[in-house]
Q: 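Here it is, the structure in full.
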Amino acid sequence: MAKENSFDVVSKTDYAEVTNAINQTTKEVSQRFDFKGSKATVELQDKDLLLAAEDETKLRNMNDILQGKLVKRGISLKALDYQKIEPAAGGTVRQAVKIQQGIPGDKAKEIVKFIKDGKFKVQASIQGETVRVSGKDRDTLQDVIAKLKATDFGIDMQFDNYRSN
């Protein structure tokens with residue numbers, strides 16, 4: 001019988017799927033009547049998104065299209081952190097969207113506190129941008145996963161690296 005079982009709570013975004021969603025969004029925007037002659041663009045710059053359009057309405061409409069494409073490709077909208085809409089050159093507006101990679105320190109502490117407050121017979125530790133949860137009983141670990149899935153921490157979480165030593 002295994003002495004120690006563990007899993008990691010991580011937050012990863014598949015950039016290949018994000019790129020595919022951007023390409024689909026660009027194609028749809030170029031074909032839609034309400035964007036005819038528009039300079040609306042979506043770009044991936046340094047692991048973040050940059051949305052640009054003539055006005056806020058077109059920016060929101062393009063964002064709705066992008067969100068639909070991302071959801072269809074399995075990217076959680078919780079992984080997106082929208083920045084403030086700001087004016088850009090030529091009377092246009094732009095918005096930066098940060099894509100979450102890894103669990104931020106404050107959220108990792110919140111997850112560890114949640115696990116400790118739950119009185120589970122497991123240990124939780126922060127290891128960089130992941131949270132490792134280990135314990136003797138597999139059923140307890142699965143209970144922890146179920147409770148974490150049921151709780152909204154405001155971030156996109158996946159559970160991987162499930163091990164039995």
Side-chain angles (χ1 to χ4, degrees), residues 1-29 41-52 59-60 62-86 94-165:
M1 186 69 193
K3 290 184 168 54
E4 190 75 11
N5 300 302
S6 66
F7 69 89
D8 291 340
V9 181
V10 296
S11 180
K12 295 180 190 171
T13 304
D14 186 359
Y15 281 101
E17 293 296 341
V18 172
T19 304
N20 290 337
I22 290 171
N23 293 339
Q24 287 180 336
T25 302
T26 304
K27 186 175 179 183
E28 186 171 329
V29 165
T41 60
V42 182
E43 298 174 352
L44 186 64
Q45 292 182 340
D46 298 328
K47 307 277 185 193
D48 291 333
L49 294 173
L50 185 65
L51 287 72
L59 189 74
R60 275 194 297 275
M62 186 175 54
N63 187 26
D64 290 342
I65 296 168
L66 176 65
Q67 285 181 353
K69 302 297 182 193
L70 288 169
V71 168
K72 280 184 181 175
R73 297 200 152 275
I75 304 293
S76 172
L77 297 181
K78 287 183 181 180
L80 303 178
D81 179 23
Y82 289 92
Q83 306 302 308
K84 196 174 130 211
I85 296 175
E86 51 193 40
R94 69 177 171 218
Q95 183 175 28
V97 182
K98 297 199 178 294
I99 299 175
Q100 175 187 327
Q101 253 336 53
I103 299 176
D106 58 328
K107 294 293 182 182
K109 288 176 186 172
E110 193 178 324
I111 291 168
V112 170
K113 183 179 181 331
F114 174 79
I115 292 170
K116 290 188 178 184
D117 289 349
K119 305 279 192 243
F120 299 107
K121 292 188 176 182
V122 296
Q123 293 79 41
S125 61
I126 300 171
Q127 297 184 339
E129 295 183 334
T130 65
V131 176
R132 170 138 317 148
V133 180
S134 56
K136 290 189 189 277
D137 187 22
R138 287 184 187 180
D139 293 336
T140 307
L141 291 179
Q142 289 179 342
D143 288 345
V144 171
I145 291 174
K147 294 278 193 258
L148 287 172
K149 282 183 179 178
T151 307
D152 182 21
F153 290 99
I155 59 172
D156 181 34
M157 293 189 303
Q158 295 93 24
F159 306 95
D160 71 353
N161 211 11
Y162 196 91
R163 293 185 177 173
S164 296
N165 296 349

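Counting from 1, the numbers follow the sequence of the chain as shown.
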Q: Pairs under 3.5 angstrom only: tabulate donor-acceptor contacts from the side chains of residues 17-25 to other protein residues two or more places apart or in another chain.
A:
residue: Glu17; atom: OE1; partner: Arg73; partner atom: NH1; Å: 2.6
residue: Thr19; atom: OG1; partner: Tyr15; partner atom: O; Å: 2.8
residue: Asn20; atom: ND2; partner: Ala16; partner atom: O; Å: 3.3
residue: Asn23; atom: ND2; partner: Thr19; partner atom: O; Å: 3.4
residue: Thr25; atom: OG1; partner: Ala21; partner atom: O; Å: 2.8

Q: Give the minimum heavy-atom separation between Thr13 and Ala79, together with the two atoms involved.
A: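 Here Thr13 and Ala79 meet closest at OG1-CB, 3.8 Å.
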Q: Enter the distance from Ile103:CD1 to Ile111:CD1 here, rounded to the nearest 0.5 Å.
A: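 Atom-to-atom, Ile103:CD1 and Ile111:CD1 are 4.5 Å apart.
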Q: Phe114 versus Glu110: any side-chain heavy-atom pair under 4.5 Å?
A: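 Not touching, per the 4.5 Å side-chain cut-off.
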Q: Is there side-chain contact between Leu141 and Val122, with at least one heavy-atom pair below 4.5 Å?
A: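 Contact flag for Leu141/Val122 side chains = yes.
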Q: Can you name the closest pair of heavy atoms from Asp48 and Lys98 and give their distance?
A: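 The answer is OD1-CA, 3.4 Å.
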Q: If you measure from CZ on Arg138 to OG on Ser6, what distance do you get to the nearest 0.5 Å?
A: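 Answer rounded to 0.5 Å: 11.0 Å.
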Q: Residues in side-chain hydrogen bond (donor to acceptor under 3.5 Å, both in side chains) with Asp106, at least two apart?
A: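 Listed in chain order: nothing, the list is empty.
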Q: Got a donor-acceptor contact below 3.5 angstrom from the Gln100 side chain to the Lys12 backbone?
A: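 Not at all, since once roles are kept as given, no pair shorter than 3.5 Å links the two residues.
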Q: If I take atom CD from residue Glu86 and atom CZ from residue Arg94, how far apart are they, to the nearest 0.5 angstrom?
A: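 Separation between the atoms: 5.0 Å.
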Q: Hey, could you give me the NZ/CG distance between Lys69 and Asp64, rounded to the nearest 0.5 Å?
A: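 It is 12.0 Å, given to the nearest 0.5 Å.
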Q: Quick one: are Ile99 and Lys47 in side-chain contact, heavy atoms under 4.5 Å?
A: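 Side chain of Ile99 against side chain of Lys47, heavy atoms only: no contact under 4.5 Å found.
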Q: Do the side chain of Lys107 and the main chain of Phe153 share a donor and acceptor less than 3.5 angstrom apart?
A: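 Judged by distance alone, yes, a pair lies under 3.5 Å.
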Q: Test your reading of the model: is there a side-chain donor-acceptor pair from Ser11 to the backbone of Asp156, 3.5 Å cut-off?
A: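 The answer is yes, because a donor-acceptor pair under 3.5 Å joins these two groups.
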Q: Looking only at heavy atoms, which two atoms of Ile115 and Phe120 are closest? And how far apart?
A: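 Heavy atoms of Ile115 and Phe120 come nearest at O-CD1, 3.5 Å.
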Q: Among Val9, Leu148, Val10, Asp8, which residue meets the side-chain contact (heavy atoms from CB on, under 4.5 Å) test with Val131?
A: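 Running side-chain contact (heavy atoms from CB on, under 4.5 Å) over Val9, Leu148, Val10, Asp8 with Val131 returns exactly one hit, Val9.
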Q: Of all the heavy-atom pairs spanning Glu4 and Gly135, show the shortest one and how long it is.
A: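 Reported closest heavy-atom pair: OE2-N, 3.5 Å.
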Q: Is there a side-chain contact between Asn5 and Lys136 (heavy atoms, below 4.5 Å)?
A: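 No, every pair of side-chain atoms sits at 4.5 Å or beyond.
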Q: Check this for me: Lys113, atom NZ, are more than 12 non-hydrogen atoms of other residues, nucleotides or ligands nearer than 6.0 Å?
A: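 Atom NZ in Lys113 is not packed in, count stays at 12 or less.
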Q: Give, for atom CG of Leu50 and atom OG1 of Thr41, the distance between the pair rounded to the nearest 0.5 Å.
A: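 With rounding to 0.5 Å, CG (Leu50) is 6.5 Å from OG1 (Thr41).
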Q: Can you tell if the side chain of Val97 reaches within under 4.5 Å of the side chain of Asn63, non-hydrogen atoms only?
A: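 Heavy-atom side-chain distance check fails, nothing below 4.5 Å.
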Q: Sub-3.5 Å donor-acceptor pair from the side chain of Gln45 to the main-chain atoms of Glu43, do we have one?
A: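 Looks like no, no N/O pair under 3.5 Å.
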Q: Between Phe7 and Arg163, is there a side-chain heavy-atom distance shorter than 4.5 Å?
A: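 Sidechains of Phe7 and Arg163: no contact.
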Q: Which pair of heavy atoms, one from Lys78 and one from Ile155, lies closest together, and at what distance?
A: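 Taking every non-hydrogen atom into account, CD-O, 3.5 Å.
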Q: Restricting to side chain to side chain contact (heavy atoms under 4.5 Å, CB included), what partner residues turn up for Lys149, sequence neighbours left out?
A: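 Per chain and number, Lys149 pairs via side chain to side chain contact (heavy atoms under 4.5 Å, CB included) with Ile145, Phe159.
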Q: If every non-hydrogen atom of Gln142 is compared with every non-hydrogen atom of Tyr162, which pair is closest and at what distance?
A: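 Residues Gln142 and Tyr162, closest heavy atoms: CG-OH, 4.0 Å.
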Q: So, taking the atom named CG in Leu80 and the one named CG in Leu70, what distance separates them when rounded to the nearest 0.5 Å?
A: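 Answer rounded to 0.5 Å: 6.0 Å.
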